[in-house]
Participant: 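Attaching a single structure in structure tokens format; questions to follow.
As the structure is a prediction and not an experimental result, all values here were calculated from the model. Throughout, a chain's letter reflects where its sequence line sits, starting with A, and its residues are numbered from 1.
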Protein chains: 2
Amino acid sequence: MILSEIRPLTLSGQVRDMLRDQIMAGKLSPGERLTETDLSQRLKVSRGPLREAILQLTEEGLLIKKTYKGLRVRSISLRELEELYSMRTTLERFAFEEAWEKKTDAALEDLRTRFDYLEQSRNAQDISAAVNGEIHFHSWIYELSDHSLLQSHWRKLSPLVRIYMSIHNRQHGVCGVFMDANDTYLKLAQDDNLAAALVHIENHMQKGLDQVYASLEVS
Amino acid sequence: MILSEIRPLTLSGQVRDMLRDQIMAGKLSPGERLTETDLSQRLKVSRGPLREAILQLTEEGLLIKKTYKGLRVRSISLRELEELYSMRTTLERFAFEEAWEKKTDAALEDLRTRFDYLEQSRNAQDISAAVNGEIHFHSWIYELSDHSLLQSHWRKLSPLVRIYMSIHNRQHGVCGVFMDANDTYLKLAQDDNLAAALVHIENHMQKGLDQVYASLEVS
DNA sequence: CGTTTGCTAATTGTTGACAATTTTTAATTT
DNA sequence: AAATTAAAAATTGTCAACAATTAGCAAACG
């Protein structure tokens, strides 16, 4: 008999996950002001656990909180977007360096599975699933790195990536940012050339930024 | 008239800072179990703000919290230490790349000031001040980078660096880990050779790790 | 004697009321 | 009428009591 540990789901944890999903899904739009009383009434939860959830989302960067002033949903400026790209490039290059020697056939099979899921969600035009798939696809290298500190920094960064993708996808359709780059990513991950993979990450990110600039000029 | 914004210091914020200081200073030893009731009585604060402080310190990695199980002060294993060094190398190299073009005479003067303060604390054998000085010295490049996302990741990492330094200094005296490397660091920061500086960071960190290994073999 | 079961004490999670602070609104003054 | 002040309404921060969960221990059972 195989049993895995059951970890109790605290109320504050459930609230945190719920709010995160809502923000990702764009139900709470960027810049929007939130009040604790309203949230606690709508969620049928007292303010204690709600405040704990809010605090965690603040640490993740999804909410902005000022003492006695209130709460706003994070919005991403162009400047912050540039920072997001450069930071992610740094972390993901490091992840590749750490993980490269740990690749196995099983791990590569795992990556292909994630890729297929992503493509499927894309074709189905399911924005939410596509964003999840994109994050899950790129999480692969971090998990493989087996570097828990790096993973915790990726967990800190990924919500911002998600929120940006959600915004972008809603504006430009689901086939937006990383349309074709991911199959190159998949190919290079399967190859045996670390240097080439590192270069691709750099290009991949730069391409994403360029698309953002382009979409800004149009609008 | 120049006035900076006054932000009210909430109770939870004060508790957070107080607890962080106590952990850094080693008043709460690694692995030690803490109970909320005891802390709230000793700090003369109700459990609400205390829990918020605890939550933040958990996010910083200084405390480990398990649902319904309790609270422990973080202890650093050798494995985690290796991760800490590699992660810090990655971030600090990135910070140098981002900040290199932004160096000014005033900024370099600032760095020298931080260096002097650090040396002074060292000579005075003031462990707490030396750790603060070390962090402040190395924070310089992150501040100069003007990259707020990078800075927030450094803020996440630095408490772990502090806690490690505290432990190490208490065991081996204040002149421990980075004794001579910092003046090289200072010299290279003032020079005009980015590549050399990047290499030094790598060496700097590796040297720190080697010292740890050496001290482990002795004990 | 070792194991299991049910109880008790201790600890964490949650709640609703209260205090401190800010924002809004209306009255007052110039 | 515009600007300033003062009361009020709304919102966030804090507290103390209550519920849920865990850990320790003793009695019951094999």
Participant: Before you tell me yes or no, could you show the steps for A/Arg112 and A/Asp116 under salt bridge (Lys or Arg N to Asp or Glu O under 4.0 Å), namely the whole-Å CA-CA distance, both residues' side-chain angles and the distance that decides it to 0.1 Å?
Facilitator: CA-CA 6 Å; A/Arg112 280 189 291 272; A/Asp116 292 340; over 6 Å; no
Participant: Give the ring-plane orientation class for A/Tyr164 versus A/Tyr85, where under 30° counts as parallel, over 60° as perpendicular and anything between as tilted.
Facilitator: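 Answer is perpendicular, since the angle exceeds 60°.
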Participant: Distance check needed: D/dA10 P versus A/Leu34 CG, whole Å only.
Facilitator: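 Taking atom P of D/dA10 as the reference, CG of A/Leu34 is at 18 Å.
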Participant: From D/dT11, C/dT21, D/dT21, pick the nucleotide closest to the side chain of B/Tyr68?
Facilitator: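 Nucleotide nearest to B/Tyr68's side chain: D/dT21.
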Participant: Give the rounded distance in Å between these two atoms: NZ of B/Lys44 and P of D/dT14.
Facilitator: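 From B/Lys44 NZ to D/dT14 P: 18 Å.
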Participant: C/dT14, D/dG13, C/dT12: which one has an atom nearest the side-chain heavy atoms of B/Glu36?
Facilitator: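 Of C/dT14, D/dG13, C/dT12, C/dT12 is nearest to the side chain of B/Glu36.
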Participant: Roughly, in whole Å, what's the span from CG in B/Leu9 to P in C/dA20?
Facilitator: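 It works out to 17 Å between those atoms.
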Participant: Could you please spell out the steps behind the salt bridge (Lys or Arg N to Asp or Glu O under 4.0 Å) verdict for A/Asp146 and B/Arg79?
Facilitator: CA-CA 11 Å; A/Asp146 197 34; B/Arg79 164 66 185 281; 3.6 Å; yes
Participant: Using whole Å, report how far CD of B/Gln41 lies from C1' of C/dT12.
Facilitator: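 In whole Å, C/dT12 C1' lies 15 Å from B/Gln41 CD.
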Participant: Roughly, in whole Å, what's the span from CZ in A/Arg51 to P in D/dT11?
Facilitator: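 One finds 15 Å between P of D/dT11 and CZ of A/Arg51, rounded.
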Participant: Just by distance, do the side chain of A/Ser77 and the backbone of A/Glu80 share a donor-acceptor pair under 3.5 Å?
Facilitator: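 Checking the backbone N and O of A/Glu80 against the side chain of A/Ser77, a donor-acceptor pair under 3.5 Å is found.
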Participant: Base, sugar-phosphate or nothing for A/Gly48? Non-hydrogen atoms, less than 4.0 Å.
Facilitator: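 It contacts base atoms.
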Participant: Can you figure out which of D/dG13, C/dT14, D/dT12 approaches the side chain of A/Lys65 most closely?
Facilitator: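 For the A/Lys65 side chain, the nearest candidate turns out to be D/dG13.
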Participant: Taking atom types as modelled, is there a side-chain donor on A/Asn182 or A/Glu119 under 3.5 Å from an acceptor on the other?
Facilitator: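 Distance-only check fails for A/Asn182 and A/Glu119.
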Participant: Figure out the CD/P separation between A/Glu52 and D/dT12, and round it to whole Å.
Facilitator: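 My rounded result for the distance is 17 Å.
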Participant: Please report, rounded to the nearest Å, how far the C1' atom of C/dA10 is from the CG atom of B/Leu71.
Facilitator: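 Spelled out: CG on B/Leu71 to C1' on C/dA10 is 15 Å.
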Participant: Would you mind telling me which residue lines up with the more 5' stretch of DNA chain C, A/Ser12 or A/Arg47, judged by nearest nucleotide?
Facilitator: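 Residue closer to the 5' terminus by nearest nucleotide: A/Ser12.
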Participant: Looking only at the side chain of B/Lys69 (C-beta and beyond, no hydrogens), which of the listed nucleotides D/dA23, C/dT14, C/dT22 gets closest?
Facilitator: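 Ranking D/dA23, C/dT14, C/dT22 by closest atom to the B/Lys69 side chain puts D/dA23 first.
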Participant: Across the strands shown, which category fits A/Pro49 at heavy-atom distances under 4.0 angstrom: base, sugar-phosphate, nothing?
Facilitator: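 Base, at least one base atom sits under 4.0 Å.
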Participant: Name the closest nucleotide to the A/Ser46 side chain, picking from C/dT15, D/dG13, D/dT12.
Facilitator: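 For A/Ser46, the side-chain atoms sit closest to C/dT15.
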Participant: Should A/Lys66 be listed as having a side-chain N or O under 4.0 Å from OP1 or OP2 of D/dT12?
Facilitator: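 No, because none of the side-chain N or O atoms of A/Lys66 sits under 4.0 Å from OP1 or OP2 of D/dT12.
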Participant: Measure CG/B/Leu39 against C1'/C/dA10 and give the value in whole Å, please.
Facilitator: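 Interatomic distance, CG of B/Leu39 to C1' of C/dA10: 15 Å.
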